[in-house]
Amino acid sequence: MDFSRYSVAGATFEGATVLVRVDFNVPVQEGRVTDATRIERALPTIEKLLNDGAVVVLMSHRGRPKKRDEALSMRPVAKYLSERLQMPVTLIDDIESEEAAEQVRQAQAPAVFLLENLRFYPGEKKGDASFACTLARYGTHYINDAFGTAHRAHASTAVVAECFPGRCYLGLLMLNEVRNLYDALYRDLRPFVAIVGGAKVSDKLRVLENLIPRVD
């Protein structure tokens with residue numbers, strides 16, 4: 001099955017402002033990112049959009065804050081990404097600010113913005129439609145490249161996508177994951193061994209039940 005037609009690989013974004021859900025939930029010590037694996041895996045999508053001539057607006061969560069917590073700010077991530085891309089990455093500190101949204105609308109490509117930690121806002125985990133609309137102000141197109149959070153019905157994943165009918169795409173990381181899952185589940189690949197990790201076992205019970213009859 002050709003999934004690329006649903007992804008950024010099958011589209012161009014010249015002149016667009018693209019809102020991208022990424023998974024930048026990375027560890028930070030003394031203001032510096034200590035493991036950038038998740039950031040690095042999102043770079044192909046970001047670089048593709050920049051090469052197309054788009055303004056890129058990234059959004060992610062870090063940790064599990066109950067309210068605004070500077071220890072879980074996205075500021076160190078913006079710094080790392082700026083160094084990695086060798087260009088400024090502007091942190092949007094107040095996502096609900098109309099001035100910030102207007103700043104993004106007026107930006108000229110190539111430009112990269114990073115929204116502050118989504119979970120500083122209660123509407124994110126609640127899947128609040130109003131907060132999703134607030135996020136949607138930051139783009140003309142939407143891309144989900146956060147495989148690790150794509151299963152959650154949060155404002156920045158399932159809900160905001162409804163604001164972009166016909167303008168939603170898989171990122172390159174998501175595309176690769178979907179292809180791998182399709183091959184594993186629907187092609188007769190043997191031997192088939194599944195390695196499942198993570199601390200939240202309750203989230204994985206249904207996945208494990210589905211895998212049991214398929215694996216060796």
Side-chain angles (χ1 to χ4, degrees), residues 1-25 38 41-42 44-46 48-50 52-62 64-65 74 92-107 109 111-179 181-182 200 203 206-207:
M1 185 171 180
D2 181 17
F3 294 103
S4 61
R5 62 194 177 112
Y6 304 109
S7 79
V8 296
T12 58
F13 297 89
E14 182 177 2
T17 301
V18 188
L19 183 63
V20 188
R21 180 52 159 106
V22 289
D23 184 2
F24 287 172
N25 185 19
R38 292 183 177 183
R41 295 186 73 195
T45 294
I46 297 168
K48 198 276 184 193
L49 295 172
L50 291 173
D52 278 0
V55 172
V56 179
V57 183
L58 304 167
M59 57 178 177
S60 179
H61 74 283
R62 267 194 69 223
R64 301 179 185 178
M74 301 302 295
I92 301 296
D93 182 66
D94 182 1
I95 294 175
E96 296 175 328
S97 165
E98 178 56 36
E99 290 78 8
E102 183 62 24
Q103 179 186 4
V104 171
R105 285 192 287 266
Q106 296 298 323
V112 180
F113 296 85
L114 176 62
L115 304 187
E116 186 52 284
N117 192 335
L118 293 169
R119 291 192 183 174
F120 286 177
Y121 299 83
E124 165 63 358
K125 288 188 70 176
K126 292 178 180 178
D128 183 73
S130 177
F131 185 59
C133 289
T134 296
L135 297 175
R137 297 179 308 160
Y138 287 97
T140 58
H141 298 68
Y142 172 74
I143 292 171
N144 194 333
D145 210 23
F147 181 75
T149 60
H151 62 296
R152 301 192 182 281
H154 290 174
S156 66
T157 53
V159 187
V160 75
E162 297 176 5
C163 302
F164 298 91
R167 291 168 286 126
C168 295
Y169 303 85
L170 301 176
L172 297 177
L173 169 59
M174 283 281 285
L175 175 62
N176 187 55
E177 297 283 9
V178 169
R179 282 173 170 166
L181 279 172
Y182 184 87
K200 292 177 287 185
D203 288 354
R206 290 181 63 189
V207 175

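By convention here, the first residue in the shown sequence is residue 1.
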J.: Taking Glu124 for the side chain and Ser156 for the main chain, is one N or O donor matched with an acceptor at less than 3.5 Å?
T.: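 The answer is yes, because a donor-acceptor pair under 3.5 Å joins these two groups.
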
J.: Backbone N or O of Arg152 within a donor-acceptor pair of the Thr157 side chain at under 3.5 Å?
T.: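 Such a contact is found between Thr157 side chain and Arg152 backbone.
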
J.: Any sub-3.5 Å donor-acceptor pair from Tyr138's side-chain atoms to Ile95's backbone N or O?
T.: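 Side chain of Tyr138 to backbone of Ile95: a pair is present.
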
J.: Assign the ring pair Tyr182 / Phe3 to parallel, tilted or perpendicular, where the plane angle (0 to 90°) is split at 30° and 60°.
T.: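 Because their plane-to-plane angle is over 60°, the rings of Tyr182 and Phe3 count as perpendicular.
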
J.: Arg21 and side chain to side chain contact (heavy atoms under 4.5 Å, CB included): which partner among Val160, Thr149, Asp145?
T.: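 Going through the options one by one, the only one that passes is Thr149.
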
J.: Do side-chain atoms of Asp128 reach the backbone of Gly123 as a donor and acceptor pair under 3.5 angstrom?
T.: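 Here the side-chain-to-backbone pair does not exist.
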
J.: Within a 6.0 Å radius of atom CD on Glu98, are there more than 12 heavy atoms belonging to other residues, nucleotides or ligands?
T.: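 Enclosed: over 12 neighbouring heavy atoms sit under 6.0 Å from CD of Glu98.
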
J.: I need the minimum non-hydrogen distance between Asn144 and Tyr142, along with the two atoms involved.
T.: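 The pair with the smallest heavy-atom distance is ND2-OH, 3.6 Å.
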
J.: For Tyr6, I'd like to know if atom OH has over 12 heavy atoms of other residues, nucleotides or ligands within 6.0 Å.
T.: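 Open.
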
J.: Would the distance check show the side chain of Thr140 and the main-chain N or O of Thr17 forming a donor-acceptor pair, the cut-off being under 3.5 Å?
T.: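 Yes.
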
J.: Taking atom CZ as the centre, does Arg137 end up with more than 12 heavy-atom neighbours from other residues, nucleotides or ligands that are less than 6.0 angstrom away?
T.: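 It does: Arg137 CZ has more than 12 such atoms within range.
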
J.: Judged by atom type as modelled, is there a donor-acceptor pair below 3.5 Å linking the side chain of Thr45 to the main-chain atoms of Leu172?
T.: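 Confirmed, Thr45 side chain pairs with Leu172 backbone.
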
J.: Considering non-hydrogen atoms only, spot the tightest contact between Asn117 and Met74 and give its length.
T.: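 Residues Asn117 and Met74, closest heavy atoms: N-CG, 3.3 Å.
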
J.: With no hydrogens and no angle check, do the side chains of Glu99 and Ser97 hold a donor and an acceptor under 3.5 Å apart?
T.: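 Judged by distance alone, the side chains do pair up.
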
J.: Could you label the plane-to-plane angle of the Phe131 and Tyr121 rings as parallel, tilted or perpendicular, counting under 30° as parallel and over 60° as perpendicular?
T.: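 Answer is parallel, since the angle falls under 30°.
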
